[in-house]
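Letters A, B, ... mirror the listed sequences (proteins, then strands); counts begin at 1. Excluded from the calculations below are hydrogen atoms, water molecules and symmetry mates; all remaining heavy atoms, backbone and side chain alike, are included.
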There are 2 protein chains.
Amino acid sequence: MKKYTIKDIAELAGVSKGTVDRVLHKRGKVSAAALEKVTRLLEEIDYQPNLIARSLKNTKDYHICVVQPDPEIDPYWQPCVDGVNDAIKEYKSFGITIDSYFFNHADTDSFFKINKTILQQRPDAVLITPIFHKESVEVIKQYNAKNIIVSTINDPLELNGITNFVGQDLIQSGRVAARLMEMIIPKNRTILIIHLDEVFNNSIHMQLKEKGFKNYLERLQHSNFTLKTCSLQQADLYDKLNGLLNNPNSVSGIFVTTSKVYSVAKIVDNFPNLDIKIIGYDLLDENIKYLKNNAIDFLINQNPKHQAYLCITQLAEYFLFDKKIPREKLLPIDIVNSENFDGYTKN
Amino acid sequence: MKKYTIKDIAELAGVSKGTVDRVLHKRGKVSAAALEKVTRLLEEIDYQPNLIARSLKNTKDYHICVVQPDPEIDPYWQPCVDGVNDAIKEYKSFGITIDSYFFNHADTDSFFKINKTILQQRPDAVLITPIFHKESVEVIKQYNAKNIIVSTINDPLELNGITNFVGQDLIQSGRVAARLMEMIIPKNRTILIIHLDEVFNNSIHMQLKEKGFKNYLERLQHSNFTLKTCSLQQADLYDKLNGLLNNPNSVSGIFVTTSKVYSVAKIVDNFPNLDIKIIGYDLLDENIKYLKNNAIDFLINQNPKHQAYLCITQLAEYFLFDKKIPREKLLPIDIVNSENFDGYTKN
DNA sequence: TTGAAAGCGCTAACAC
DNA sequence: GTGTTAGCGCTTTCAA
């Protein structure tokens, strides 16, 4: 069970370390005889290079830039920032520097400006949260032109030029919500699907979730739910929802396609005798408050913190240890209720 | 943003690398003046040692032994083995050798025998799956006496001498199941709690889950479920359950505290008009089959594969990079239905 | 085509 | 007390 090093191989083959290295990396300039001998030896002993040593040699400092919506403007993004910060700490001692940049999630100009700055820095990789689809495509092209690796989280779209994507299957996510809804409301009732602030956000997300949700329910054999979709602005939510709920039995379940589900729960809370079930997204403190008192029945955890952290991890291990980066990593769609949320929130 | 090395510090402080190292590791034999100067400098520039270099120096081969129930005897343990095997592959190139040993989960002698063999090998750490509690306590003492690190997964008990534990909060796990059950069966019905093969397994697990389950339901304000507990052997299951189910409306929900929930689902499937809800544990193929056709309503994922993998990861990063090992790592309690299982099964 | 040698950053033994 | 030095395993340059 001895650990063989290049030196061992060299001695066994009667050549120098340099030659072994040339064989290992197929750098040519090796005689047929030596090639043959070393190759066989390598196979025989199942040589595994010491990745630590290899990495040490490569003393380059790697540089990753992260482009995210500013959490001070939309706190939804705070978990992503937290995930990135964890990664910063973890990889600092490994010679990987990570810089965070924030844009205004309602302002494409700020997005462009930041990417321009980053381009000039020529980092080794950039992680972007592409909430502006069209604009992202453009920016990614520029990064690719300079051979800068581009990673994304959170975006379900096929973006060309992306090296790796970490996220969730959003259609499936809608199906998960639908199955849950099916289980907790009586057959044949009416379900409301609410998209909140669609114009200001990446509406593709909401549409895919809706698609999955409908798709699941429409194919059911023995029940026949009525589905109503509303795309609303926060400002209009109160009036609209109040109107609907004052008409009793009109709605039995509400599926909110975003993390703003607490604002729906807050209104529904005023109708305690209606027993309306609510399913939505993300473990915001506000959402968990309603989850705890059963005003929200289920939350689906998109795990933005882990998405961001994992994405950087993949890049770091690629730089340090040449570990292959999976092109797409789909995280599980966590179902969260009042009893298991803290397993997902605390770390 | 320069990366400072020991050499840099030495030059800045006007001392040698050796002295800096002595300060860093508090090895004494440093004059007050030098100590003061170097210490301040280190703080000033927030020196971070290069962990790769440090690790390379330490060329020792670490050795971890894993003691698990034989998956050929009880396939429940296969995921753990898979997790360990993943870790073996991953850390092979980092100078960490991991050996797997299997005991018969129904034979304490085999457990002792294997631990005896391992003790003689004097590994750096051992990961045991302590399904025999009393016996494990004994064995752990012996490891501790030889300064061998002991890690465990899957066991909720306070075992003294354990360095780290990776697992789940089993009482909370029962509460999760209870909350789910509450949502999917009508109020005030009867719920059956089934422990399968309790004598042959670690019954503590089942008891804790039951405790959490009951605890949740008993404190509900507006409903009043009747709870019945059965501890059964596989062989008796069919007769007992048939008896119960032939008495209509006797049972509305069944909570199975182990992964053998499929064997309950199989029997309940013969009573299609009863609409009995079933909740159980673990993503065995057999369970997923019933989950898919809604015969099982929810499974709780204990994620044995990840438990094992994570545990070894923690040990490896401790050996390689001196990363602190958390004494206890509680994994989230994943709720799984027919729509999100594949996020947890495929990797 | 090949071997020798330097060096990545850190540690520790050894000489002064 | 302190500085020097060798060396961890691998890569790469340079001279032969």
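Taking atom CG of residue Asn58(A) and atom P of nucleotide dG9(C), one finds them 11 Å apart after rounding to whole Å.
Evaluation of the side-chain contact (heavy atoms from CB on, under 4.5 Å) rule for Ala125(B) yields Ile64(B), Ile149(B), Leu315(B), Phe319(B) as partners, not counting sequence neighbours. The side-chain contact (heavy atoms from CB on, under 4.5 Å) test applied to Asn303(B) returns Asn301(B), His306(B), Asp334(B), not counting sequence neighbours. Among residues two or more places apart in sequence or in another chain, the salt bridge (Lys or Arg N to Asp or Glu O under 4.0 Å) test is passed with Lys26(B) by none. With sequence neighbours excluded, the residues forming a side-chain hydrogen bond (donor to acceptor under 3.5 Å, both in side chains) with Thr5(B) are Asp8(B), listed by chain and number. Taking Thr39(B) as the reference, Val23(B), Leu35(B) meet the side-chain contact (heavy atoms from CB on, under 4.5 Å) condition, with sequence neighbours excluded. Shown here are the side-chain contact (heavy atoms from CB on, under 4.5 Å) partners of Arg27(B), two or more places apart in sequence or in another chain: Asp21(B), Arg22(B), His25(B).
Results of the side-chain contact (heavy atoms from CB on, under 4.5 Å) test with Pro69(A) over Phe132(A), Phe111(A), Trp77(A) single out Trp77(A) as the only residue that passes.
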May I have the list of side-chain donor-acceptor pairs in residues 87-95 of chain A shorter than 3.5 Å, sequence neighbours left out?
from, atom 1, to, atom 2, distance (Å)
Glu90(A), OE1, Tyr309(A), OH, 2.5
Glu90(A), OE2, Lys323(B), NZ, 3.2
Lys92(A), NZ, Asp46(B), OD2, 2.7

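Residue Ser16(B) is in base contact, counting any heavy-atom pair closer than 4.0 Å across all strands shown.
With contacts defined as side-chain heavy-atom distances shorter than 4.5 Å, the pair Phe103(B)/Ile131(B) qualifies. Taking 4.5 Å as the limit, some side-chain heavy atom of Phe321(B) sits within range of a side-chain heavy atom of Ser55(B). Here the side chains of Val166(A) and Gln314(A) are in contact, with some heavy-atom distance below 4.5 Å. A heavy-atom distance below 4.5 Å is found between the side chains of Pro71(A) and Phe102(A).
Axis angle across the helix from dT1(C)-dA16(D) to dC16(C)-dG1(D), with five pairs used at each end and values rounded to 10°: 60°.
Contacts with DNA chain D (heavy atom under 4.0 Å) in residues 28-38 of chain A: none are found.
Listed pair Thr19(A) / dT1(C) fails the phosphate criterion, with no side-chain N or O lying under 4.0 Å from OP1 or OP2.
Annotation: side-chain hydrogen bond (donor to acceptor under 3.5 Å, both in side chains) contacts involving residues 142-152 of chain A, sequence neighbours excluded, comprise Asn115(A)-Tyr143(A), Ser151(A)-Asn164(A).
First and last contacts of DNA chain D with chain A, using any nucleotide atom under 4.0 Å from a protein heavy atom and ordered 5' to 3', fall at dG9(D) to dT12(D).
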### Query
Along nucleotides 10-16 of chain C, 5' to 3', which nucleotides get a B, which get an S, and which get a -, given that the test is a protein heavy-atom distance under 4.0 Å?
BBB----
